[in-house]
Trainee: 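Next up is a structure, given as structure tokens.
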Amino acid sequence: MRSRRSVLAVPGSNPRFLEKAQTLPVDEVFLDLEDSVAPLAKEAARANIVTALREGDWSGKTRVVRVNDLTTQWTYRDVIEIVEGAGAFLDCLMLPKVQDPTEVVWLDTLLTQIEKTMGYEVGRIGIEAQIENARGLVNADAIAGSSRRLETLVFGPADFMASINMRTLVVGEQPPGYVEGDAYHYILMRLLMAARMHDLQVIDGPYLQIKDVEGFRRVAQRAAALGFDGKWVLHPSQVDAANEVFSPAQEDYDHAELILEAYEYYTTVEKRGAVMLGDEMIDEASRKMALVVAAKGRAAGL
Ligand code: GLV
Ligand code: MG
């Protein structure tokens with residue numbers, strides 16, 4: 001499983017940002033052809049992205065390109081030009097505004113055809129599906145199960161809030177007047193369930209107030225606490241916070257490794273299923289929770 005704690009959005013129309021992105025310590029970059037690129041700049045952006053993928057140094061990062069959504073005229077050419085031009089230098093395509101499983105099936109089929117034509121390994125390029133409106137959320141279970149190429153569901157909060165008429169302009173923050181709880185809880189949990197049902201990762205979208213790193217951290221923490229794997233970052237100022245929030249705390253990681261060690265010893269040497277570790281009772285379920293924290297900690301290099 002790839003690490004996706006920090007997922008950097010990079011407009012494909014800006015060669016300077018495509019350069020700079022290579023130097024940032026993020027787990028994933030996605031080079032964008034969609035909403036950060038103006039309609040008249042889309043074609044040039046495709047060429048910039050192909051060059052950046054082929055010639056750039058992206059080592060250590062998962063390389064993703066976000067194509068335009070299927071209601072536009074651009075998607076098929078986005079896919080063909082990017083994958084024919086730089087398919088061997090690409091890990092996944094991100095499909096935005098997915099509303100229905102047939103959209104992912106379309107992309108899967110097109111990718112297979114291009115892979116065969118180009119002599120690439122069939123099925124290597126993965127898919128990330130962005131869920132950005134009510135229809136996508138209601139269909140999230142079917143979308144998550146629609147292709148073996150799918151690696152992650154991605155929440156698109158800006159488009160999503162617009163599509164449901166949520167009364168706020170600040171992405172990720174609570175709508176003014178809503179004092180009962182967390183207006184995002186249902187959406188995040190719904191996506192998490194759909195993703196985990198099919199063993200996919202699930203990623204939170206952008207926080208637009210790039211100067212407010214504390215706000216970013218607070219909103220990221222909310223998704224991380226539920227079990228999300230990472231969050232988009234739009235600016236270098238958000239990168240360290242994302243990597244930190246989506247890694248386990250050192251103390252939790254150490255504790256998880258201790259549980260695994262103790263449990264291994266007691267179940268195999270002493271043949272006991274539930275045992276005490278200090279003041280804490282641990283059993284097979286504790287081992288599973290510890291495995292999750294330990295895997296994330298090891299991936300984060302703790
Ligand atoms: C991202 O694409 C969003 O709409 O928030
Ligand atoms: Mg969007």
Side-chain angles (χ1 to χ4, degrees), residues 4-9 11 30 32-39 66-72 94-101 103-104 128-144 146 150 152-197 200-235 237-238 241-242 245-246:
R4 288 185 161 93
R5 296 166 305 170
S6 46
V7 173
L8 178 69
F30 80 86
D32 193 22
L33 288 170
E34 203 221 13
D35 284 353
S36 70
V37 176
R66 179 167 74 164
V67 298
N68 286 281
D69 83 83
L70 273 173
T71 63
T72 70
M94 188 188 304
L95 189 60
K97 302 186 176 69
V98 177
Q99 308 192 55
D100 186 284
E103 297 178 29
V104 178
E128 304 191 349
Q130 264 194 295
I131 305 295
E132 309 196 70
N133 67 11
R135 187 144 171 251
L137 191 68
V138 170
N139 288 334
D141 296 342
I143 291 168
S146 60
L150 268 175
T152 174
L153 297 184
V154 181
F155 179 40
D159 275 301
F160 197 94
M161 288 158 65
S163 86
I164 64 169
N165 294 356
M166 198 189 270
R167 279 172 65 183
T168 175
L169 287 173
V170 187
V171 175
E173 297 291 358
Q174 303 302 319
Y178 188 74
V179 290
E180 300 302 320
D182 177 2
Y184 297 87
H185 181 78
Y186 169 76
I187 307 166
L188 295 179
M189 258 325 203
R190 188 72 196 74
L191 284 174
L192 189 59
M193 294 305 128
R196 296 295 190 244
M197 178 173 157
L200 304 185
Q201 292 186 328
V202 57
I203 305 299
D204 194 12
Y207 187 75
L208 308 181
Q209 282 19 61
I210 55 172
K211 297 252 161 71
D212 182 2
V213 178
E214 277 321 299
F216 174 89
R217 198 177 273 280
R218 182 166 29 78
V219 170
Q221 189 62 53
R222 187 173 66 196
L226 291 178
F228 271 58
D229 298 285
K231 183 168 174 64
W232 283 13
V233 293
L234 303 179
H235 189 266
S237 65
Q238 298 177 330
V245 168
F246 289 95

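Remember, it's a predicted structure, so these values are computed and weren't measured experimentally.
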Trainee: Quick one, R217 with D212, criterion salt bridge (charged side-chain N to carboxylate O under 4.0 Å, His left out). Give me CA distance, side-chain angles, the key distance, then yes/no.
Mentor: CA-CA 9 Å; R217 198 177 273 280; D212 182 2; over 6 Å; no
Trainee: Specify whether Y184 and F155 have parallel, tilted or perpendicular ring planes, treating 30° as the upper limit for parallel and 60° as the lower limit for perpendicular.
Mentor: perpendicular
Trainee: Does L169 CG have over 12 foreign heavy atoms under 6.0 Å away?
Mentor: no
Trainee: Output yes when a side-chain donor or acceptor of T168 lies under 3.5 Å from a complementary backbone atom of P175, and no otherwise.
Mentor: no
Trainee: Show the numbers, then the answer: is there a side chain to side chain contact (heavy atoms under 4.5 Å, CB included) between D159 and D35?
Mentor: CA-CA 10 Å; D159 275 301; D35 284 353; 3.5 Å; yes
Trainee: Okay, side chain of E34, backbone of D69: is any donor-acceptor separation there less than 3.5 Å?
Mentor: no
Trainee: Between F216 and V245, is any pair of side-chain heavy atoms under 4.5 Å apart?
Mentor: no
Trainee: Decide yes or no for E132 and S163: does some side-chain heavy atom of the first lie under 4.5 Å from some side-chain heavy atom of the second?
Mentor: no
Trainee: Checking the side chain of N68 only, and the main-chain atoms of L33 only, is there a donor and an acceptor separated by less than 3.5 Å?
Mentor: yes
Trainee: Looking only at heavy atoms, what is the nearest atom pair of I131 and V98, with distance?
Mentor: CD1-O, 4.2 Å
Trainee: Restricting to non-hydrogen atoms, name the atom on A194 and the atom on D141 that form the minimum distance, rounded to 0.1 Å.
Mentor: CB-OD1, 3.3 Å
Trainee: Any side-chain to backbone donor/acceptor pair from S6 onto V233? Under 3.5 Å, distance only.
Mentor: no
Trainee: Counting C-beta onward and ignoring hydrogens, is there a side-chain heavy-atom pair between H185 and L226 closer than 4.5 Å?
Mentor: yes
Trainee: Quick one: does any side-chain atom of N139 pair with a main-chain N or O of Q99 as donor and acceptor, under 3.5 Å?
Mentor: yes
Trainee: Is a donor on one side and an acceptor on the other found under 3.5 Å between the side chain of R167 and the backbone of Y178?
Mentor: no
Trainee: Pick from K231, H235, E173: which one makes a side chain to side chain donor-acceptor pair (under 3.5 Å) with Y207?
Mentor: E173
Trainee: Any salt bridge linking E128 with R66? Criterion: basic side-chain nitrogen under 4.0 Å from a carboxylate oxygen.
Mentor: no
Trainee: Ion pair present between R4 and D204, side-chain N to carboxylate O less than 4.0 angstrom?
Mentor: no
Trainee: Do the non-hydrogen side-chain atoms of V138 and R135 ever get within less than 4.5 Å of each other?
Mentor: no
Trainee: Taking F228 as the fixed residue, which of L188, L153, I203 is the one that meets the side chain to side chain contact (heavy atoms under 4.5 Å, CB included) rule?
Mentor: L188
Trainee: Quick check: do Q174 and D182 have side-chain heavy atoms less than 4.5 Å from each other?
Mentor: yes
Trainee: Answer whether the closest heavy-atom distance between the side chains of M189 and M193 falls below 4.5 Å.
Mentor: yes
